[in-house]
Amino acid sequence: MHKIKTYNAISSRGLTRFRSEDFQVDPDLAEADAILLRSHKLDASAIQAELKAVARAGAGTNNVPVNACTEAGVVVFNTPGANANAVKELVLCGLLLASRGIVLGIEFASTQTEIKDEAELSKLMEKEKKRFKGSEIFGKTLGVIGLGAIGSLVAEMAIDLGMKVQGYDPALSVEAAWRLPSKVRRKENIASLVASSDFISLHLPVLDSTRDLINAEVFASMKDDTCLLNFARDEIVDSKALLEALESGKLGKYVSDFPRPDLLGREDVISMPHIGASTNEAEENCAIMAADQLIDFLENGNIKNSVNFPASFLDRTEDAGSCTRLAICNRNVPKMLGQILSVLADQNINVKDMLNKSRDDIAYNLIDLEVRPSEEALAAISEIEDVIKVTLL
Ligand code: MLT
């Protein structure tokens, strides 16, 4: 029985993927094989000996202590793309809210509760509407920073709306490059992208390399009155530089899913309570994807969409029932495989199939064996220097 501890309200469409005969899913478990969460900030103390995986039902993993997980051999999963459409639709909303007097206009109209006469109300609306005039997004230039699952959907949507779209991604994958509409002009650096954009939309994870990426220098390269949309993460925009850019008029509007106390109440800032992925569909998609990834990992050791482990897939042989699989995580140093295999050879255990992958400082092995190794053999493998975790599947 695999134990899954949950935090946050995870969609039941995802939770029901865990077969009750094989998985115990419970928010109150003291120890677990895996953790499934959404926005709960996970403390490193949650990484107990039994823990093998953490799955985030969402794209960002900045609420998970990823480095500590990696050191403990715990695989961290996310669900790239599962909520991309929800975020894309809110970016569209942000573009429109920033361009037209919608927020102030609604506020104005809905607060005229003293006026009971229809004609009087209508006259007031017609008189005041000039205060809420805006401009159209058609023909304007959108710069998209980060061209992954969400950024590429945003780019495609903006093209469909008649915008000119340019993109920059410091770490564009081959897969993402293929997905990108051909009409997106690729920029070589942020400075050239922001210098020629009317709107800029951020779609990057928070990493050491992206923290405060939008800083005073980047703001200085922008055109006056630029609109910046941040549906990625608060930490990507330098807070001091942001305030200065708004004060100087360099930035005309800041639309953000991450409210900041010093920006609340400003007419040039539109804040939302981190609702980019808050749709029924996105919550279901994320929960299903996270659950399926956890199930395949806990049952077969396969890894898909991890932020700290290599993608790994080894088909189980036809007679899977009689075949035992070992999943071994070790530091990515020479001679590990030889040592592991020699323990198995000493036990006269035949290897039927195997996979060895690495990512940065971590290596991951799936080894299918003809017979189940003894407890002594498992202990001997665990004791090899630089072996981090050994799991029998
Ligand atoms: C994400 O990282 O995809 C979002 O933050 C998901 C969420 O709102 O939970």
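Whatever order the structure lists them in is the order used to number ligands and atoms, beginning at 1.
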**Prompt:** Any Lys/Arg nitrogen of D268 or R266 sitting under 4.0 Å from an Asp/Glu carboxylate oxygen of the other?
**Reply:** yes
**Prompt:** Rounded to the nearest 0.5 Å, what separation is found between the CD1 atom of I10 and the CG atom of L37?
**Reply:** 6.5 Å
**Request:** Could you tell me the residue and atom name of the protein heavy atom closest to atom 8 (O) of ligand 1, and the distance to it rounded to 0.1 Å?
**Result:** R38 NH2, 3.2 Å
**Prompt:** If we only count N/O pairs under 3.5 Å, is A277 in contact with ligand 1?
**Reply:** no
**Item:** Carboxylate-amine/guanidinium contact E283 R38, below 4.0 Å
**Value:** yes
**Request:** For S39, take its heavy atoms, then give the atoms of ligand 1 lying under 4.0 Å from any of them.
**Result:** 9 (O)
**Message:** For a quick test of reading the model, state the closest non-hydrogen atom pair linking Q166 to S197 and the distance between them.
**Reply:** NE2-OG, 2.9 Å
**Message:** Between the side chains of R19 and E299, is the shortest nitrogen-to-carboxylate-oxygen separation below 4.0 Å, so that they form an ion pair?
**Reply:** yes
**Prompt:** Is there any N or O on A57 that sits under 3.5 Å from an N or O of ligand 1?
**Reply:** no
**Message:** If you define the side chain from C-beta out and look only at heavy atoms, does anything of I295 sit under 4.5 Å from D22?
**Reply:** no
**Asked** What class does the angle between the rings of F258 and H274 fall in, given that below 30° is parallel, 30 to 60° is tilted and above 60° is perpendicular?
**Response** tilted
**Asked** What's the shortest distance from atom 1 (C) of ligand 1 to any protein heavy atom, and which residue and atom give it?
**Response** A59 N, 3.3 Å
**Fill in**
Checking heavy atoms under 4.0 Å, the part of N83 that sits near ligand 1 is side chain
**Request:** Please confirm whether R233 comes under 4.0 Å of ligand 1, counting heavy atoms of the residue only.
**Result:** yes
**Asked** For atom 5 (O) of ligand 1, what's the nearest protein heavy atom and its distance?
**Response** H274 NE2, 2.8 Å
**Prompt:** For ligand 1, is any non-hydrogen atom under 4.0 Å from S278's backbone (N, CA, C, O), its side chain (CB onward), both, or neither?
**Reply:** neither
**Asked** So which heavy atom in the protein is nearest atom 6 (C) of ligand 1, and how far is it from that ligand atom?
**Response** R56 NH2, 3.4 Å
